[in-house]
Number of protein chains: 2
Amino acid sequence: MKSTKSKPCEAWQLLVKFFFTQRADLPTLASEFELSPAQCHVLHLIEPDRPIPMGRLAEALACDASNVTGLIDRLESRGLVRRRPSADDRRVKSLELTPAGVRLRSTVLERITKPPDSLGRLSADEQRALVKILKRLLD
Amino acid sequence: MKSTKSKPCEAWQLLVKFFFTQRADLPTLASEFELSPAQCHVLHLIEPDRPIPMGRLAEALACDASNVTGLIDRLESRGLVRRRPSADDRRVKSLELTPAGVRLRSTVLERITKPPDSLGRLSADEQRALVKILKRLLD
DNA sequence: TATTGTTATACTCTATAACTATA
DNA sequence: TATAGTTATAGAGTATAACAATA
């Protein structure tokens with residue numbers, strides 16, 4: 001009952017492990033930039049020059065819309081994000097990164113998994129294989 | 001400036017994306033079992049038949065030890081985890097899953113990334129490659 | 001009427017600091 | 001003195017429900 005039938009499981013067990021490892025690291029990493037894990041997540045989701053309505057951000061975060069208000073309040077008060085009224089529908093507010101937000105996002109994303117350390121040990125072939133596989137997983 | 005020099009980055013960018021996708025999914029998934037994301041994390045870290053001192057769990061979660069008290073209080077009150085005094089050092093309390101905890105952990109871990117859906121589309125070779133790569137990344 | 005975002009409320013998660021009981 | 005876990009406290013994250021403005 002050890003490694004008999006569970007061939008397809010090993011891969012996902014490792015992916016789960018990777019996920020939880022990253023999850024444990026995120027608070028420390030985020031605090032380097034005085035961000036919370038959730039704020040990092042928001043920064044990741046708001047791409048530069050791609051305004052996103054608050055409701056769609058809530059969807060992407062898979063959380064209630066009421067959270068987004070406070071989350072964005074805090075990021076906006078730090079000058080990282082802006083609320084912009086939508087032209088089409090005056091109920092909708094779109095979110096966009098400020099220049100400072102764009103810079104911080106880029107810094108955080110480069111920092112979040114340090115490619116030289118772990119990925120540098122992969123051969124070019126392995127990296128290509130990994131990219132191909134992850135693309136399929138995320139499609 | 002699209003795919004010129006950033007060969008090693010694509011892999012980690014995808015891993016980051018995978019991580020945040022999973023992070024968004026976790027609250028919904030956890031709530032299926034009336035667990036919080038943090039409780040899922042704890043359940044993942046306490047392996048069956050492997051008691052772990054509270055302090056070491058705090059380390060693994062990369063959080064302050066004071067959190068673990070409340071986190072474990074709630075899991076213990078649901079009968080999923082037990083506190084056991086350590087024989088060597090009476091200050092230390094070790095944590096272990098109850099039978100119900102072991103069962104729930106297994107269910108949650110099977111559910112957390114549904115292997116048939118995304119991983120099932122990978123060939124055996126790809127799965128082996130993925131396992132090999134992830135093992136290196138996590139070592 | 002239905003929808004977008006906000007507010008009010010309550011609970012969980014989290015860190016800091018002070019405490020206890022052991023060592 | 002130092003360490004393991006707890007308690008007290010405060011702030012952030014989260015969901016639910018009720019609300020305002022707009023559609």
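Computed over heavy atoms, backbone and side chain alike; hydrogens, waters and symmetry mates excluded. Convention: sequence-line order gives letters A, B, ...; per-chain numbering from 1.
- Counting only heavy atoms from C-beta outward, the side chains of Leu97(A) and Leu104(A) never approach each other to under 4.5 Å.
- Arg78(B) is linked by a side chain to side chain donor-acceptor pair (under 3.5 Å) to nothing, counting only residues two or more places apart in sequence or in another chain.
- For the pair Asp88(A) CG and dT4(C) C1', the computed distance is 14 Å after rounding to whole Å.
- dT14(C) atom P lies 15 Å from atom CZ of Arg74(A), rounded to whole Å.
- Here the side chain of Thr98(A) pairs a donor or acceptor atom with the backbone of Gly101(A) at under 3.5 angstrom.
- Between Arg136(B) and Glu126(A), at least one side-chain N (NZ, or NE/NH1/NH2) sits under 4.0 Å from a carboxylate O, which counts as a salt bridge.
- Atom CG of Leu95(A) and atom C1' of dG5(C) are 11 Å apart (whole Å).
- Using bins of under 30°, 30° to 60° and over 60° for the plane-to-plane angle, the ring pair His44(A)/Phe20(B) lands in the parallel bin.
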Identify each atom pair where a protein N or O and an N or O of nucleotides 19-21 of chain C are less than 3.5 Å apart, giving names and distance.
none

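- Nucleic acid contact class of Asp64(A) (heavy atoms, under 4.0 Å, all strands): base.
- Across all strands, Asn67(A) comes closer than 4.0 Å to base atoms (heavy-atom distances).
- Residues Glu110(A) and Ser106(A) form a side-chain contact, since some pair of their non-hydrogen atoms from C-beta on lies under 4.5 Å apart.
- Atom CG in Asp89(A) sits roughly 12 Å away from atom P in dT3(C) (whole-Å rounding).
- Separating the CG atom of Leu57(A) from the P atom of dG5(C) is a distance of 10 Å, rounded to the nearest angstrom.
- In this structure, Ser36(B) contributes its side chain and Gln39(B) its backbone to a donor-acceptor pair below 3.5 Å.
- As judged by a 4.0 angstrom heavy-atom cut-off over every strand, Ser66(B) is placed among the base-contacting residues.
- Among the protein residues, Ser86(B) comes within range of no part of the nucleic acid, since none of its heavy atoms lies under 4.0 Å from any strand.
- In this structure, Leu71(B) atom CG and dA15(C) atom P are separated by 11 Å, rounded to whole Å.
- Residue Glu34(A) contributes atom CD, which lies 14 Å from atom C1' of dA15(C) at whole-angstrom precision.
- A salt bridge does not link Lys17(B) to Glu10(B): none of the charged nitrogens lies less than 4.0 Å from a carboxylate oxygen.
- Within 4.0 Å (heavy atoms only), Arg56(A) reaches no atom of the nucleic acid at all.
- From the 5' end on, the contacts that DNA chain D makes with chain A at under 4.0 Å to a non-hydrogen atom open and close at dA12(D) to dA23(D).
- Taking 3.5 Å as the limit, the base of dT7(C) and the side chain of Thr69(A) contain no donor-acceptor pair of atoms between them.
- Salt-bridge formation is detected for the pair Arg83(A)/Glu76(A): a Lys NZ or Arg NE/NH1/NH2 atom is positioned less than 4.0 Å from an Asp or Glu carboxylate oxygen.
- Both Ala38(A) and Lys93(B) lie near DNA chain D, and the one whose nearest nucleotide falls closer to the 5' end is Lys93(B).
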